[in-house]
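So the structure is just underneath, and the comments pick up after that.
As a basis for the values below, the full set of heavy atoms in this structure was taken, side chains included, without hydrogen atoms, waters or symmetry mates.
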Amino acid sequence: MLRALFLPAIKLFNRFKYIQLITLLGSILTIPAMVAFSFYLAHVQNEIVEAKKGIIGIGYNQLLQEYLEDLQQYRAMSVTYLSGDRSFGHKLQEKKADIIQDIMQIDHYDQRFGNQLQTTAKWQEIKYRWYDLQSIDKSEDPYQNYLSLTDYYHDVLEYMTFLGDASGLSLDSEYVSFYLVNGIIKTVPELSETLGQIRAIGLITNKDSNHQLSYQLISMQSLLRSKLNDLEHEVKIIDRNLTSKHLSIITKHQLLQEKSKNIIDKIDQHINFLSRWEYYQLLTDTIEVCFSLYDSETTMLQEIYSDRVEKLMDQWYFLIGISVFILVFTMYGFIAFYLSVTETVRNIKSKSLAIVSGNLPMTTSLSMKEDLLDIGNTFNQITRNMHQQKISVMGQMAAGMAHEIRNPLTSIHGFTQFMKKGIEEGSMEPETFLQYLNICQEEIKAIENLVANFLILARKNEEATIEIRPVHLQTVLNRVHELSKHFVIEKDVFLTFRYDDENSWVNGVGTHIEQIALNLVKNAIDAVPAGGKVSLRTSIDQRLDQAIISIQDNGSGIPAERMKHLFEPFYTTKEKGTGIGLSVCKKLLDEMDGNITIYSEEGFGTTVTFRLLLTSPE
């Protein structure tokens, strides 16, 4: 029966010579491998292209930074000049010439790379708006002049963000470079603009003593503090990966913090006692430190991207070499196999001819050995071992379940005895009876939750009946935030939730996502000491079309030898843990086509990240 089924293929193969048959089998095995290798090479090549595009974006961003710096200086000089200080007239014209020079440099750069980044149309709008602003805005009111220039400055800031997206910088997933990109695209430019607005408003206020502007100046203190806190958070993260070559980032950041706090103090103490020049110089010096920090972070980011391109190129060349080596080695192996087969066949043929001629050989020595029996025995041994392992795992899970259920059952048994004795003797108060009854209910609920989680682990994927549908991610996580407040207050932990996109929809089950996030947040809270920090943050991976939810804590971290066991059922590092929480999380994510990863470093904390597929609302 079996031979009849394969008879057409057998007849086809029998028509081939050995060299033809081996060539056919070699092609069947080699071509798919080479195709897969080609796809991987294409992936590496694509990463090289993206990294080079990032370098182009960094260069473009540097030119925009120079443009922003000159725009800020022009705005300060302009409002000072219109406020009555005509000594700035000549400097104002020189600064306007610098801005034109900046525009020409950006134009030249955009002509080279604009088509690749798709930025030309947007840049032309920004450029011509500057010329329109110069030709239309003839206001002699310094405050109106400040408003129009500030509005244009914000347009340039938005273009800088657009450039980060167009060049792929905003999608950088590496830890340090992500914060460096955020710094040069958002944090540092926004901080410098806050200082620039304080400078411009203060110059107008010193002249006109306008109470509205004075209140506006004072109100910007909180904004400046917020920007300084954002920058401090980023620099702390970057500081862990700084080399001696880039320690100037820390020095400049400290200097910027000192100067900015000095400005805040002077605003608190009122600035009217400062002369116009002193006030201008105070803010200008601080803004220059801010842009100097920008230059240092940009230099570090350029080196990171250059090193990335270099490593990717080395990887690409290595893969090319490996593919050539595999091809040559495969050809060598199949040729050797062909020669081995033909040698064995010739040996058998010569012995057969000897037998035909009457010369009976005692033995026939063959180079090729029969391995099928060994393979069969090995397979049987593997089957027996797998069966034994399955029994062992089932026993381990049963023992774990028995251990976890025994504790609440013991409590229930004890309290029911107290209740029975109290009723029989008539000595138990109704309040005490209800208290014991509530405890029993809680213990029963704990057993139910344990059994429910165990059933989640035990069920097969094909037996799952969950309904995958669009879920509004922030709504679910807000519920988790509310549920976590009790644990935060109880342990005195600082918990933050941050959403990069507040309108993200994912494929999944709302209750499952809530269970996963709450479990991970509780784990993080348990891992930190009193006063520790836990943060949940969402972001979007546009390339993979996924929502990313990361829970980070600053606890003591997880030892490396324990990392590989974290998703094993009933394995726990907590004194009172059940050891099935992470297993359940992984199971639920598998059912929703999600995934989970854990990164931990002893002494620095743990980051747990899970991903879900993005979708559109129904």
Heavy-atom side-chain contact between [X] and [Y] under 4.5 Å:
X	Y	answer
Val528	Lys533	no
Ile99	Ile103	yes
Leu195	Arg199	no
Leu171	Arg543	no
Ile540	Ser504	yes
Leu71	Leu149	no
Gln105	Asp102	yes
Leu282	Asn262	yes

Next on the checklist: Name the residue from Thr496, Val493, Leu520 that meets the side-chain contact (heavy atoms from CB on, under 4.5 Å) definition with Val534.
Outcome noted: Val493

For the residue pair [X] and [Y], confirm or rule out a side-chain donor-acceptor distance under 3.5 Å.
X	Y	result
Ser296	Lys252	yes
Gln65	Glu69	yes
Thr187	Asn182	yes
Gln197	Glu193	yes
Asp132	Tyr152	no
Glu47	Gln315	no
Gln111	Asp107	no

Next on the checklist: Show the nearest heavy-atom pair for residues Thr615 and Val506, with the distance to one decimal.
Outcome noted: CG2-C, 3.5 Å

Next on the checklist: Restricting to non-hydrogen atoms, name the atom on Leu203 and the atom on Ala76 that form the minimum distance, rounded to 0.1 Å.
Outcome noted: CD1-O, 3.7 Å

Checklist entry - Out of Tyr81, Tyr153, Trp130, which residue meets the ring pair (Phe, Tyr, Trp, His ring centres under 6.0 Å) rule with Tyr74? => result Trp130

Does [X] use its side chain to pair, donor to acceptor, with the backbone of [Y] at less than 3.5 Å?
X	Y	answer
Ser167	Gly57	no
Tyr179	His233	no
Ser226	Ser222	no

[X] [atom1] to [Y] [atom2] distance, which is reported to the nearest 0.5 Å:
X	Y	atom1	atom2	answer
Asp307	Ser177	CG	OG	11.5 Å
Thr161	Leu169	OG1	CG	11.5 Å
Ile516	Leu582	CD1	CG	11.0 Å
Ile598	Ile558	CD1	CD1	5.5 Å
His108	Phe113	NE2	CZ	8.5 Å
Leu256	Asp285	CG	CG	12.0 Å

Checklist entry - So Ser539 and Asp500, side-chain hydrogen bond (donor to acceptor under 3.5 Å, both in side chains) or not? Walk me through it. => result CA-CA 5 Å; Ser539 58; Asp500 284 3; 4.9 Å; no

Next on the checklist: Walk me through whether Asp314 and Lys311 qualify under salt bridge (charged side-chain N to carboxylate O under 4.0 Å, His left out).
Outcome noted: CA-CA 5 Å; Asp314 290 342; Lys311 290 178 180 178; over 6 Å; no

Next on the checklist: Closer than 4.0 angstrom, basic N to acidic O: yes or no for Asp172 and Arg308?
Outcome noted: yes

Item to check | salt_bridge(Lys586, Asp590) N-O dist < 4.0 Å | outcome: yes

Checklist entry - Do Tyr280 and Phe88 have their ring centres less than 6.0 Å from each other? => result yes

Checklist entry - Ring centres of Trp123 and Tyr60 under 6.0 Å apart? => result no

Next on the checklist: Using a 6.0 Å distance limit plus a 45 degree cone around the ring axis, check whether Arg75 lies over the aromatic ring of Tyr146.
Outcome noted: no

Checklist entry - Would the number of heavy atoms belonging to other residues, nucleotides or ligands and lying under 6.0 Å from NZ of Lys52 be above 12? => result no

Item to check | Working for side-chain hydrogen bond (donor to acceptor under 3.5 Å, both in side chains), residues Asn519 and Gln515 | outcome: CA-CA 6 Å; Asn519 190 22; Gln515 181 179 355; over 6 Å; no

Item to check | Evaluation steps, side-chain hydrogen bond (donor to acceptor under 3.5 Å, both in side chains), between His154 and Glu158 | outcome: CA-CA 6 Å; His154 286 164; Glu158 289 180 2; over 6 Å; no

